[in-house]
Amino acid sequence: MKENVDHRVPVLIVGGSLVGLCTSLFLGRHGITHMLVEKHAGTSLHPRGRGINVRTMELFRVAEVEDRIREAASVLADNHGILQGGSLTGDDQEWLFEQIDPGGALARFSPSTWCLCSQNDIEPVLMSVTPTLGADLRFSTELLSFEQDESGVTAIVKNRETGEHSTVRADYLVAADGPRSPVREQLRIGQSGPGDLFHNVSITFRSRMLADVIGDRRFIVCYLTKPEADGALLPVDNRERWVFHAPWHPDRGETLEDFTDERCVEHIRRAVGAPDLDVEITGKAPWHAAERVAQRYVAGRVFLAGDSAHEMSPTGAFGSNTGIQDAHNLAWKLAAVLDGAAGPGLLETYEAERLPVARATSERASARSAEHSHPGYEPEPESVPEAPARGGGRQNGVLSVAMGYRYAQGAVVGADPDLPVVPERMRLCGDPGSRAPHLWLRDPVEGRRKSTVDLYERSFVLLSSEGTPWSGAAGSVAKRMNVRLDAYAIGTGAEADLIPEDGGDWAETHGTTPAGAVLVRPDGFVAWRSVEAVADPESVLYKVLTTVLDRY
C-alpha cells in the first residue's frame, strides 16, 4: 500500500471547519506543509460559535490574522453584554453582565481583547491565509479509511464531486472531524461525561422592526424566558439579520418538521413581545448541546482535536476556544518533532495538557448554561450551581472574565500539579507552567510597539532581566547546542534587544524580579527559569537547553 501513494505530506488534517482550519494556520506558520480534507463543499454558512476569548485572540495575533478577524467582526464590535428577560418589550429585563471586561482589567494581562466573530465570517479569513502557508485545502473530499503503522498513516480519500479515490501517506493525522468523528469511532476511543444536555433549533431570520424594539441595547445574546415562548436571540448585524435559538424536545416526540415557518414566526413574535413584528425565516439548523470528553486524545500517530475530542454546552463559547487552543498546542509540538528539534515523546504531552482542560472546561460550560437558564436546558436540581452575584468577577475560585487563561489542575506539564494556571499567577514567580507576562515593548529594530506575547510562536524564547549576561551568551550557546532559541533581554541596559516602552525595568513593571532568565514555551507558558550563568556548561539553564526537547 505504501508504494501506491498519490500524495505524501507530513500532516493530514481531517475536517475543514474552525478547528481544522486553525490547525492548518498554526502548522503553516511553522513551515509544515500539510493537506486538509473536508467532505463539505465550503465553509460554514450558519452564524454560530462566535465568541472568541482573549487567549484565542492572542493566538490569532501571533499568527498575524487578528486584525483581519476583527475587521470581519466589525459589525458586532459594540455588542458586549448578556441580557435576560421575559420579553424585550416588558419591564423585567436585567443584565447578567453588561460588559465582558468592565474597567479593562485584562489589559494588564494581554495586548488582545475579546471578539465576536461568527464561524461563517472567520472561516473565510482562515481559508484565504492558509494556502499561502503551504496548505493543500481539499473541500468536497471525504476520508474513507485509514491505517497506521510505526512510520506513518495511510489514508484513502474520495473526491465527492468526481468520485475519484486517492491515497495519502502522512507522518501524522489530525482528526478535527466533529462530534460524531468517524476517526474517533474507528480508533474505538470512548467518551466520558453526562452526554446530551439539551436540543435547540437555530432559526435565522430577517426583521427590520426588531432593531427599533431593541433600541440601543447592544447585547451578545438575550435570553427570553416566557415559558410558552422561550429562546435565545442573537444579533447578526444589529439591523435586520438575527438568529433565534428555540428549544427542541425530540424526547417528547417533537420532530424538525414540526418547526414550520409559521410556528417559528409566531414563537419569535411571542418571545420578543411584539405581535406585529415582521419576521422572514431564512434558515433552520438543529443542534445538540452535550458534555462529552474523549477518554484519549492520542492513538499512535493520530490525534483528536476540537469537537472530536470534546463536546461542550455552547454557553460561554468554551467549545470553539478550547478546540482552537488544542490546535495551537498540537501544532507547535508536531512542528518541533517534524523539524527534528524534539523527540516523538513531546507529542505525548498534548494529551497530558489538553485533556484536563477539556474536562474542567466542559463542566464549566454546563454550569454556565444552568446559571443563564439556557432555553431547553433542564438540569437535575442537585447539579444546578448557586447563582453568582450579578456583576461578580469570581466563579468557582476563578476570574470568570479571564476564563480564556484558565488551565485545569495538572494541565501544563511541568507545572505544580496542585495549582491551576489562572490570572493571579501570570507573573514570573518562578513556577514552571505559569503564563509568561504581557509587557509592552519598544522594538528598536522594527520601530514599532510589540508585546512579549508576540514573541511566543516558533521557538522557545529567553527573557532576561537587566544586568545579566543572558542575551549575548544565549545566542552562542544555542548555536553550539543546535537548539532553536530566540533570545530577548528585557530591561534598560544598552545591550537589550527589546526594552519596556516606558523605560522602566522588569521589577518596576511586574513587582517581581526574575533573578536571571525565563525560558518560555512557544505557547507562552513558562517552561523553566534559572539564575545560573548560561555560558557555564555545568549550569542549570545550559543543561535545560540541551535536554528540554530531547527529554521527551
Side-chain angles (χ1 to χ4, degrees), residues 5-45 49 52 56-57 59-73 115 117-143 146 152-153 155-162 164-178 183 303 305-306 308 320 323-339 457-458 522:
V5 171
D6 299 301
H7 308 282
R8 293 182 182 273
V9 289
V11 180
L12 173 64
I13 302 169
V14 180
S17 192
L18 185 57
V19 173
L21 287 170
C22 284
T23 305
S24 175
L25 172 69
F26 298 136
L27 282 174
R29 293 285 299 178
H30 285 277
I32 303 299
T33 56
H34 54 279
M35 179 185 292
L36 181 151
V37 296
E38 165 56 51
K39 65 181 181 180
H40 292 102
T43 55
S44 175
L45 299 176
I52 308 177
T56 301
M57 288 305 293
L59 301 181
F60 288 144
R61 175 189 178 87
V62 174
E64 298 183 328
V65 295
E66 181 185 28
D67 289 344
R68 296 180 64 172
I69 289 172
R70 291 199 184 281
E71 182 180 354
C115 179
C117 190
S118 297
Q119 198 165 326
N120 60 309
D121 291 324
I122 190 174
E123 287 180 357
V125 173
L126 299 174
M127 273 197 67
S128 69
V129 174
T130 53
T132 67
L133 300 173
D136 181 0
L137 303 183
R138 301 194 175 210
F139 281 71
S140 297
T141 302
E142 182 177 6
L143 175 72
F146 69 92
V153 181
I156 307 297
V157 300
K158 173 186 175 181
N159 185 311
R160 301 182 74 184
E161 294 180 348
T162 66
E164 180 184 3
H165 290 201
S166 57
T167 302
V168 181
R169 180 68 177 174
D171 295 307
Y172 298 99
L173 185 150
V174 178
D177 52 345
V183 173
F303 304 86
S308 69
S320 56
I324 294 169
Q325 292 166 36
D326 290 341
H328 184 267
N329 184 286
L330 180 58
W332 76 261
K333 292 172 180 177
L334 281 171
V337 173
L338 288 166
D339 285 347
E457 183 185 20
R458 293 185 176 88

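These numbers come from the heavy atoms of this one structure, side chains and all, not from hydrogens, waters or symmetry mates.
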Inset, instruction - Before giving the answer on salt bridge (charged side-chain N to carboxylate O under 4.0 Å, His left out), spell out for Lys39 and Glu142 the whole-Å C-alpha distance, their side-chain angles and the decisive distance to 0.1 Å. - result: CA-CA 4 Å; Lys39 65 181 181 180; Glu142 182 177 6; 5.6 Å; no
Inset, instruction - Start with the C-alpha gap between Met127 and Phe139, add the side-chain angles, then the distance that decides, and say whether side chain to side chain contact (heavy atoms under 4.5 Å, CB included) holds. - result: CA-CA 11 Å; Met127 273 197 67; Phe139 281 71; 3.7 Å; yes
Inset, instruction - For side chain to side chain contact (heavy atoms under 4.5 Å, CB included), just list the numbers for Leu25 and Val65, CA-CA rounded to whole Å, side-chain angles, deciding distance to a tenth of an Å, and then say yes or no. - result: CA-CA 10 Å; Leu25 172 69; Val65 295; 4.1 Å; yes
Inset, instruction - Start with the C-alpha gap between Ser17 and Glu38, add the side-chain angles, then the distance that decides, and say whether side-chain hydrogen bond (donor to acceptor under 3.5 Å, both in side chains) holds. - result: CA-CA 8 Å; Ser17 192; Glu38 165 56 51; over 6 Å; no
Inset, instruction - Evaluate the criterion side chain to side chain contact (heavy atoms under 4.5 Å, CB included) for residue pair Leu133 and Leu27; output intermediate values, then yes/no. - result: CA-CA 8 Å; Leu133 300 173; Leu27 282 174; over 6 Å; no
Legend entry - Working for side chain to side chain contact (heavy atoms under 4.5 Å, CB included), residues Leu12 and Val153: CA-CA 9 Å; Leu12 173 64; Val153 181; 5.9 Å; no
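Remark: side-chain polar atoms of Ser140 are not paired, donor with acceptor, to backbone N or O of Glu161 under 3.5 angstrom. Looking at Asn120, its side chain never comes within 3.5 Å of a backbone N or O of Ser44 through a donor-acceptor pair. Without hydrogens or angle criteria, Glu164 side chain to Asn159 main chain gives no donor-acceptor distance under 3.5 Å. Although no hydrogens or angles enter the test, the distance criterion places no donor-acceptor pair under 3.5 Å between the side chain of Glu66 and the main chain of Phe60.
Shown here for Ile156 and His165, the closest heavy-atom pair between the two residues is CG2-ND1, 4.4 Å. The two residues Ala305 and Val174 have their closest heavy-atom pair at CB-CG1, 4.3 Å. Annotation for Ser308 and Ala175: closest pair OG-O, 2.8 Å, computed over non-hydrogen atoms. Between Phe146 and Leu143, the shortest heavy-atom distance links the atoms CD2-CD2, 4.1 Å. Minimum interatomic distance between Ile32 and Pro10 (heavy atoms only, all atoms of both residues): CG2-CB, 4.1 Å.
To the nearest 0.5 Å, the span separating OG1 on Thr141 from CE on Met35 amounts to 8.5 Å. To the nearest 0.5 angstrom, Thr130 atom OG1 is 12.5 Å from Arg29 atom CZ. Atom CG of Leu45 sits about 11.0 Å away from atom CD of Gln119, to the nearest 0.5 Å. With rounding to the nearest 0.5 angstrom, the SG atom of Cys22 is 6.0 Å from the CD1 atom of Ile122. We find the CG-NE2 distance between Leu338 and His30 to be 11.0 Å, quoted to the nearest 0.5 Å. Summarising the geometry, atom CG belonging to Leu137 is positioned 8.5 Å from atom CD1 belonging to Ile13; distances are rounded to the nearest 0.5 Å.
For the pair Val129/Arg68, a side-chain contact is recorded, criterion being any heavy-atom separation below 4.5 Å from C-beta on. Within the 4.5 Å cutoff, the side chain of Leu173 has heavy atoms near those of the Val183 side chain. Asp136 is not listed as a side-chain neighbour of Val9, based on a closest heavy-atom distance of 4.5 Å or more.
Ring planes of His328 and Phe26: perpendicular class, angle over 60° (limits at 30 and 60°).
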